[in-house]
Amino acid sequence: MKNRVTLKDVARRAGVSYQTVSKVLKNQIQVTPETRDRIQLAVEELDYRPDILARGLRSKRTYTIGFISEEIATTPYAVRMIQGAQDKAWELGYIILLINISGDTKMREAAFQAVHDRNVDGIVYATMYHHEVQHHDLLKKLPTVLLDCFVDDQSLPSVVPDEVTGGRVATEYLLSKGHQRIGVITTSESLPAKYGRLEGYRQALAKHNIPFDDQIIFNFPGSIPTGGYLGTKHILQQENRPTAIFCYNDRMAMGAYDAIRKMGLRIPDDVAIIGYDNQELIAADIFPGLTTMELPHYKMGQWAVGHLLEHIDTPQSEQTNSPVQKLLECPLIVRDSA
């Protein structure tokens, strides 16, 4: 059986001390680029792998993060949150124990208990869309970061999209294209994303001294293409119809496309459309390509794991009493619809 490669083996190959190798691999020391390259080459040539069991016994850690996902792993919309979290964890020497749950209370309880019983070092709790979640006792017993969700008293750190800025950027982009009358198709559900994006829309109009007109705001019970279709028909049948429409998400924008074509109008010549989410199976593949705001799923996953491990590594005496409530920018993805 082949003997395990040790830090001392890597150090001998790289011509440095094993303490230097250890600190370089943990990013705990600054060395010259040449030294770092030699160590990295030695690691690759010897196929060095850290002894996780020994490492865990020394540090009293399992180097495992419990990632509890509310339906993310089984839908195409937000799965890049998992990828971002996994990539960051791997980069920092951790693995993720992923459990996907539905809204079932018993399943949620079992998931929390499962990660707790396996002695994970911390928990990332992630939801498919931005909303408030309820406290759970086990979340208070382990370092926890909330991903795409939050608790009302802000007692746990969280990372969510900056919905207000996203709504403002989307509206200002349409205004920069000369549109003065911009309709909105949104959901009637009580969600932070709805209120944040609409607030950003209001802010952009106010900045340009354009009055808010609720006659061109259409609410639909859901966020599906049907709402976009019906909303577009309603808005564009008005006498002073908008020349642009801001849709709550890309699925509603897809319905708007259908309505505009059936009315004999063209995108963007007669009506410009901007969406939200950047669901690539929709936004990049419909014609013309949909200009939209991208939800930063991958970056949110990265941030959640990075912040969790930073919290784990920070002595209790140095931790602040106010958990971070992080807002991440939603980038504008320009295509041909606006």
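Every heavy atom of this structure was used, including side-chain atoms; hydrogens, water molecules and symmetry mates were not. Computed from a predicted model, the values in this text were never measured in an experiment.
Between Val133 and Cys149, the shortest heavy-atom distance links the atoms CG1-CB, 3.8 Å. Annotation for Ile185 and Gly228: closest pair CD1-O, 3.6 Å, computed over non-hydrogen atoms. Of all the heavy atoms in Ser69 and Asn100, the pair that sits closest is OG-OD1, 2.5 Å. Of all heavy-atom pairs spanning Ser155 and Pro323, the tightest one is O-CG, 3.3 Å. When every heavy atom of Ser223 is checked against every heavy atom of Asn249, the shortest pair comes out as O-ND2, 3.1 Å. Between Lys194 and Ser188, the closest heavy-atom pair is NZ-CA, 3.7 Å.
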>> Does Leu236 form a side-chain contact (heavy atoms from CB on, under 4.5 Å) with Ile260? I'd like the steps, not just the answer.
In response: CA-CA 9 Å; Leu236 294 185; Ile260 289 168; 4.0 Å; yes

> Are Val16 and Val31 close enough, and set up right, to give a side-chain contact (heavy atoms from CB on, under 4.5 Å), and what steps lead you there?
Replying inline: CA-CA 11 Å; Val16 297; Val31 295; over 6 Å; no

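In this structure, Glu45 contributes its side chain and Arg13 its backbone to no donor-acceptor pair below 3.5 Å.
Legend: salt bridge (Lys or Arg N to Asp or Glu O under 4.0 Å) pairs involving residues 181-192, not counting sequence neighbours, sorted by first then second residue: Arg181-Asp213. Sorted by first and then second residue, the ring-ring contact (aromatic ring centres under 6.0 Å, His included) pairs involving residues 139-175 (not counting sequence neighbours) are His130-Phe150. Listed by first then second residue, pairs satisfying salt bridge (Lys or Arg N to Asp or Glu O under 4.0 Å) with a partner in residues 223-247 number zero, not counting sequence neighbours. Listed by first then second residue, pairs satisfying ring-ring contact (aromatic ring centres under 6.0 Å, His included) with a partner in residues 176-200 number zero, not counting sequence neighbours. Residue pairs meeting the ring-ring contact (aromatic ring centres under 6.0 Å, His included) criterion with at least one member in residues 243-299, sequence neighbours excluded, do not occur. Pairs engaging residues 254-264 under the salt bridge (Lys or Arg N to Asp or Glu O under 4.0 Å) rule: Asp258-Lys262 [sequence neighbours left out].
If you chain together hydrophobic residues whose side chains sit under 4.5 Å apart, Val115 and Ile95 never meet in one group. No path of Ile, Leu, Val, Met, Phe, Trp and Tyr side chains, each step under 4.5 Å between heavy atoms, connects Trp90 with Met300, placing them in separate hydrophobic clusters. Following chains of ILVMFWY side-chain contacts shorter than 4.5 Å, one can reach Leu147 starting from Val305, so the two form part of one hydrophobic cluster. Ile96 and Leu92 fall within a single hydrophobic cluster, where Ile, Leu, Val, Met, Phe, Trp and Tyr are joined by side-chain heavy atoms under 4.5 Å apart, directly or via other members. Leu175 and Ile217 fall within a single hydrophobic cluster, where Ile, Leu, Val, Met, Phe, Trp and Tyr side chains are chained together by heavy-atom contacts under 4.5 Å.
For His234, the ring pair (Phe, Tyr, Trp, His ring centres under 6.0 Å) partners at least two apart in sequence or on another chain are Phe218. Residues satisfying the salt bridge (charged side-chain N to carboxylate O under 4.0 Å, His left out) test with Asp162, not counting sequence neighbours, are none. With sequence neighbours left out, Asp336 forms a salt bridge (charged side-chain N to carboxylate O under 4.0 Å, His left out) with no residue at all. The salt bridge (charged side-chain N to carboxylate O under 4.0 Å, His left out) search around Glu172 returns Lys207, not counting sequence neighbours. Every ring pair (Phe, Tyr, Trp, His ring centres under 6.0 Å) that His131 has, sequence neighbours left out, goes to Tyr129. Listed by chain and residue number, nothing satisfies the salt bridge (charged side-chain N to carboxylate O under 4.0 Å, His left out) test with Glu280 (two or more places apart in sequence, or in another chain).
With salt bridges taken as basic N to acidic carboxylate O contacts below 4.0 Å, one links Lys88 and Glu91.
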